[in-house]
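Some notes on the structure that comes next.
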Amino acid sequence: MPISPKVIIFDLDGTLIDSSASILEGFAMALDELKIAPKLPLTATIIGPPLRETMGTLAGSDDTLLLDSLVKSFKNYYDAEGYKATTVFSGVDEMLKGLHGAGKALHIATNKRLWPTQLILKHLGWDELFASVYALDARTPAFPNKAAMIAGLIEDQSLAPGSAAYIGDRPEDGFAADANALPFYAADWGYSAFPANDTPAHWVMLTKPGDLLAI
């Protein structure tokens, strides 16, 4: 098991919070406005990639104007009311406050857009727990992917090699951690199941948030 890190970087959706109901409602509303039938079932398994990418997958299109309209429709709903329906996975609040109280530096690195991420953290009373919040659109031009975003966080925060770890609920999160030579803790309570026979042996599985406090 990796040495207990001083810095913990968290994914957000599916790792700390469950915002699936409001996100899926936003997807459905945006598609319905343009009379588009979703090309995939609207379930929590589609949550995680950047918004525009997911809307393109659901619409089955890469048309710029169409995706602009879908993204705008989603934002109008989610940024005004949808984010307020966010719930917290059982044990996460205690885990975060326990880690923060123990002197760990906590950060967010999420594919969610920066503005609703900040709204959610404030809504949950978590905005003071995190030393920094990174999203793909936190820079201009945007980070191309999560691995690059984590690399930017590490550089900006001057994190020493071996001092940090990343926690996420999707295999893609683990690969982003690997790309930055970070230990990865897999939040197996989240949206994305980790295949038992196809998960790298060096990833540490967490069955509940309290497991992280025990490390």
Side-chain angles (χ1 to χ4, degrees), residues 9-86 108-120 133-153 155-156 166 168-180 184 186-187 190-195 198-200:
I9 307 170
F10 288 97
D11 173 49
L12 187 62
D13 280 309
T15 301
L16 300 180
I17 63 171
D18 184 356
S19 54
S20 58
S22 56
I23 289 176
L24 295 176
E25 184 174 352
F27 289 160
M29 290 175 61
L31 292 165
D32 187 60
E33 281 187 8
L34 295 179
K35 311 301 182 188
I36 297 173
K39 300 301 186 288
L40 292 174
L42 295 179
T43 66
T45 57
I46 64 174
I47 298 173
L51 172 60
R52 192 178 187 87
E53 178 182 332
T54 303
M55 295 296 340
T57 299
L58 290 174
S61 173
D62 60 1
D63 180 83
T64 299
L65 294 179
L66 174 63
L67 294 184
D68 285 347
S69 296
L70 288 169
V71 167
K72 181 180 179 180
S73 178
F74 177 91
K75 288 179 178 180
N76 287 341
Y77 160 73
Y78 193 78
D79 294 3
E81 293 296 330
Y83 78 91
K84 297 176 185 177
T86 297
I108 293 284
T110 176
N111 281 339
K112 203 177 195 75
R113 292 173 296 116
L114 183 61
W115 177 240
T117 296
Q118 292 172 329
L119 289 175
I120 287 169
V133 178
Y134 279 66
L136 293 180
D137 65 344
R139 283 187 182 175
T140 303
F143 291 108
N145 51 52
K146 185 169 280 187
M149 175 173 49
I150 293 174
L153 187 160
E155 180 180 5
D156 292 347
Y166 189 55
D169 72 303
R170 297 168 61 89
E172 291 84 352
D173 295 329
F175 299 136
D178 288 348
N180 287 282
F184 178 63
Y191 298 153
S192 180
F194 289 87
D198 193 27
T199 298

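Side chains are part of it too, since the values below use all heavy atoms of this structure and drop only hydrogens, waters and symmetry mates.
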Crowding at CG, Asp68 (>12 non-hydrogen neighbours, <6.0 Å): yes
Stepwise side-chain contact (heavy atoms from CB on, under 4.5 Å) check, Ile108 with Leu16: CA-CA 10 Å; Ile108 293 284; Leu16 300 180; 3.8 Å; yes
Rounded distance [0.5 Å steps], CZ in Phe184 versus CG in Asp11: 8.0 Å
Worked verdict on Thr117 versus Leu12 for side-chain contact (heavy atoms from CB on, under 4.5 Å): CA-CA 8 Å; Thr117 296; Leu12 187 62; 3.8 Å; yes
Steps toward side-chain contact (heavy atoms from CB on, under 4.5 Å) verdict (Leu66, Ile36): CA-CA 10 Å; Leu66 174 63; Ile36 297 173; 3.6 Å; yes
ring-ring contact (aromatic ring centres under 6.0 Å, His included): pairs with one or both residues in residues 15-34, sequence neighbours excluded: Phe27-Phe74
Main-chain N/O of Ala28 paired with Asp32 side-chain donor or acceptor, under 3.5 Å: no
Electrostatic pair Asp79:Arg113 at N-O distance under 4.0 angstrom: yes
Residues, nucleotides or ligands: over 12 heavy atoms within 6.0 Å of Lys72 NZ: no
Residue pair Ile46 / Thr57, side-chain heavy-atom distance below 4.5 Å: no
Backbone of Glu33 reached by a side-chain donor or acceptor of Lys35 within 3.5 Å: no
Reported CD1-to-CZ distance for the pair Ile150 and Phe143, which is rounded to 0.5 angstrom: 10.5 Å
Distance, nearest 0.5 Å, that separates CZ of Phe194 from OG1 of Thr199: 7.0 Å
Shortest non-hydrogen contact from Ser69 toward Leu34: CB-CD1, 3.9 Å
Close side-chain approach of Tyr134 to Asp156, heavy-atom, < 4.5 Å: yes
Tyr166-Asn180 side chain donor-acceptor pair, cut-off 3.5 Å: no
Under 3.5 Å donor-acceptor, Asp137 side chain and Leu114 backbone: yes
Smallest separation among heavy atoms of Asn111 and Pro50, with atom names: ND2-CD, 4.1 Å
For the student: nearest non-hydrogen atoms of Phe10 and Thr15, plus distance: CD2-CG2, 4.4 Å
Over all atoms of both residues, closest heavy-atom pair of Leu136 and Lys146: CD2-N, 4.1 Å
Gap separating the CG atom of Leu70 from the CZ atom of Arg52, nearest 0.5 angstrom: 9.0 Å
Which atom of Thr43 lies closest to which atom of Leu24, heavy atoms considered: O-CD2, 3.6 Å
Sidechain-backbone polar pair: Arg170 side chain, Ile47 backbone, donor-acceptor under 3.5 Å: yes
Taking every non-hydrogen atom, the tightest pair across Thr86 and Tyr78: OG1-OH, 4.1 Å
Spacing of Leu51 atom CG and Leu67 atom CG [to the nearest 0.5 Å]: 9.5 Å
Intermediate values then yes/no, side-chain contact (heavy atoms from CB on, under 4.5 Å), Met55 and Leu31: CA-CA 8 Å; Met55 295 296 340; Leu31 292 165; 4.1 Å; yes
Ser20 side, atom OG; Leu42 side, atom CG - distance, nearest 0.5 Å: 11.5 Å
